[in-house]
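Single-structure report; data block below.
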There are 2 protein chains.
Amino acid sequence: MDEAAQQTSPAKRARKGAPRPPRRAERGETPASKSEQTRARILDAAAFVFARKGYSDARLSDIARTARMQTGSLYYHFASREELVAEVMRAGVEQVHAAVRARMETIPEGTPEVERLRLLLECHLLTLIDENDYTRAISRLLGQVPPRLQLQHSANGRQFMALWRGLLREGQASGALRADVDMSAIRMLLLGAMSWSIVWFKPENGPAELVARDFARMAVDGLRARPD
Amino acid sequence: MDEAAQQTSPAKRARKGAPRPPRRAERGETPASKSEQTRARILDAAAFVFARKGYSDARLSDIARTARMQTGSLYYHFASREELVAEVMRAGVEQVHAAVRARMETIPEGTPEVERLRLLLECHLLTLIDENDYTRAISRLLGQVPPRLQLQHSANGRQFMALWRGLLREGQASGALRADVDMSAIRMLLLGAMSWSIVWFKPENGPAELVARDFARMAVDGLRARPD
DNA sequence: GTCTATACCTAGATAGAC
DNA sequence: GTCTATCTAGGTATAGAC
């Protein structure tokens with residue numbers, strides 16, 4: 001269907017200057033046993049493929065090829081296609097969550113609530129669209145996977161969701177955000193707007209930073225309580 | 001008489017690469033032939049199923065059962081699964097577009113630009129989530145279908161996209177909306193937020209009208225040019 | 001136009017050699 | 001651990017009767 005991403009031998013990608021899945025070592029994580037490494041390689045490959053093809057068009061054979069092994073060999077490391085998908089989604093949520101939490105740490109003490117919210121929205125969106133296969137994969141997969149996996153995913157994201165719920169609720173409680181809106185709907189709309197950006201965002205059309213900045217600004221300005 | 005053209009089955013036409021004859025329903029006339037009615041019934045069934053199962057989990061057998069016929073019989077009316085999907089998406093776009101255009105007509109002459117925009121956003125979101133299988137289907141399908149269908153869909157939605165682009169651009173030009181944001185990104189983010197709502201919106205959690213109102217208000221307040 | 005029956009093919013999964 | 005070979009299910013699509 002999508003010939004472009006179909007034959008991705010590393011050699012061919014190198015010649016074409018096409019993207020190649022980033023390795024764990026490059027992300028500064030500690031190396032592990034060979035089995036661990038292979039598992040990680042498969043996971044990276046899966047994220048790479050799911051991010052580009054979505055759920056239904058991604059074949060185990062694509063993933064195997066990207067991980068430089070035979071399709072059957074995958075089953076030594078993962079029990080099923082579904083387990084692979086679940087694992088990629090789990091890792092994806094974890095990465096966005098981690099990025100946002102890390103960003104929180106770097107925000108100076110006395111920063112106004114609304115500004116904090118703005119910075120975190122910006123960070124969330126940036127993390128999603130800025131060259132991370134796991135987060136790109138998760139956004140594409142979310143609406144596509146069978147209900148069972150969606151449920152599992154919401155369970156994974158419960159803490160993360162709670163973070164946003166807390167931020168918005170506190171903003172309302174303190175009077176920084178307008179009180180006359182249903183924040184749970186707004187929360188979903190904001191997260192949705194960001195998730196959806198994976199589908200249309202192309203780096204060629206402008207830097208991710210700008211998109212993130214404009215979006216975050218619109219959102220907080222639209223929610224900020226105003227004197228009038 | 002164009003019923004004559006319909007006596008060639010879609011499958012045969014597809015193989016020959018011949019264009020499909022325009023149908024009465026598309027020309028705003030009353031559908032008459034039995035074939036037309038059956039086709040419409042199948043389309044409704046497809047929208048029903050796609051809206052609930054998404055692309056990859058929807059089976060032709062599901063659609064056939066919903067339309068009260070056998071799977072094989074579908075092929076008298078549609079050349080392939082893909083044609084069916086494409087047709088549902090086309091109809092979905094058309095319905096939202098029509099709803100928004102109709103809403104435009106009802107807005108009083110002197111209404112301020114920003115208020116107009118707010119009403120139209122509200123209408124768009126409401127149309128999407130308010131019990132319309134075609135629009136629900138299209139929102140779910142968008143991120144899931146193969147690239148070819150996505151392209152076809154963007155072509156279908158070009159006019160519609162242009163409508164939003166125009167509204168936002170005019171808003172900026174007249175000074176009603178802030179000038180220092182990239183409106184094409186904002187446009188996609190807004191449309192994305194609304195599309196995504198299909199995934200999470202449940203009538204039990206509150207009326208669609210409220211969600212639409214809060215969202216539209218946040219968006220225009222966030223984009224409105226302000227004196228400060 | 002719709003049915004029944006079935007061909008065909010893809011892709012997930014398994015078995016056993018090495 | 002990874003390979004090759006193969007099984008199997010199930011879903012799209014076709015053929016031909018009625």
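A, B, ... follow the sequence lines: proteins, then strands. Residue 1 opens every chain.
Heavy-atom contacts from other residues, nucleotides or ligands closer than 6.0 Å to CZ of B/Arg158 number 12 or fewer.
Looking only at distances, a side-chain donor or acceptor of B/Arg52 sits under 3.5 Å from a matching main-chain atom of B/Phe48. Side-chain atoms of A/Asp133 do not come within 3.5 Å of backbone N or O of A/Ala47 as any donor-acceptor pair. In this structure, A/Thr135 contributes its side chain and A/Thr127 its backbone to a donor-acceptor pair below 3.5 Å.
Considering only residues two or more places apart in sequence or on other chains, B/Leu126 meets the side chain to side chain contact (heavy atoms under 4.5 Å, CB included) condition with B/Asp130, B/Ala208, B/Glu209, B/Ala212. Every residue two or more places apart in sequence or in another chain that forms a side chain to side chain contact (heavy atoms under 4.5 Å, CB included) with B/Ala98 is listed here: B/Glu94, B/Arg101.
Checked against the 6.0 Å centroid criterion, the rings of A/His124 and A/Phe215 do not qualify as a close aromatic pair.
Atom-to-atom, CZ of B/Arg41 to P of C/dT2 comes out at 6 Å; the value is rounded to the nearest Å. Protein atom CD of B/Gln37 is 16 Å distant from nucleotide atom C1' of C/dT2, rounded to whole Å. Nucleotide C/dA11 holds its P atom 9 Å from the CG atom of A/Asp57, rounded to whole Å. Regarding A/Ile63, its CD1 atom lies at a distance of 12 Å from the C1' atom of C/dG12, rounded to whole Å. In this structure, B/Leu74 places its CG atom 11 Å from C1' of D/dA13, rounding to the nearest Å. The separation between A/Tyr75 atom OH and D/dA5 atom P is 18 Å, rounded to whole Å.
Screening residues 54-91 of chain A for ring pair (Phe, Tyr, Trp, His ring centres under 6.0 Å), with sequence neighbours left out, gives no hits.
Defined by atom type and a distance below 3.5 Å, a donor-acceptor pair is present between the side-chain atoms of A/Thr106 and A/Arg103.
With distances taken from any side-chain atom of B/His77 to the nucleotides C/dA13, D/dG1, C/dT2, the minimum falls on C/dT2. For A/Lys34, counting side-chain heavy atoms from C-beta on, the closest listed nucleotide (C/dG1, D/dT2, C/dT14) is D/dT2.
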Distances for protein N or O near nucleotides 6-11 of chain D N or O, under 3.5 Å:
from, atom 1, to, atom 2, distance (Å)
D/dG11, O5', B/Arg59, NE, 3.2

Polar atoms only, N or O, under 3.5 Å: list the protein pairs with nucleotides 16-18 of chain C and their distances.
none

Between the protein and nucleotides 3-7 of chain C, list every N/O to N/O distance that falls short of 3.5 Å.
from, atom 1, to, atom 2, distance (Å)
C/dC3, OP2, B/Gln70, N, 2.8
C/dC3, OP2, B/Ser73, OG, 2.6
C/dT4, OP2, B/Gln70, OE1, 3.4

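In summary, A/Asp62 and A/Arg65 engage in a salt bridge, as defined by a charged side-chain N under 4.0 Å from a carboxylate O. Using a cut-off of 4.0 Å between Lys/Arg side-chain N and Asp/Glu carboxylate O, A/Glu36 and A/Arg39 are scored as not salt-bridged.
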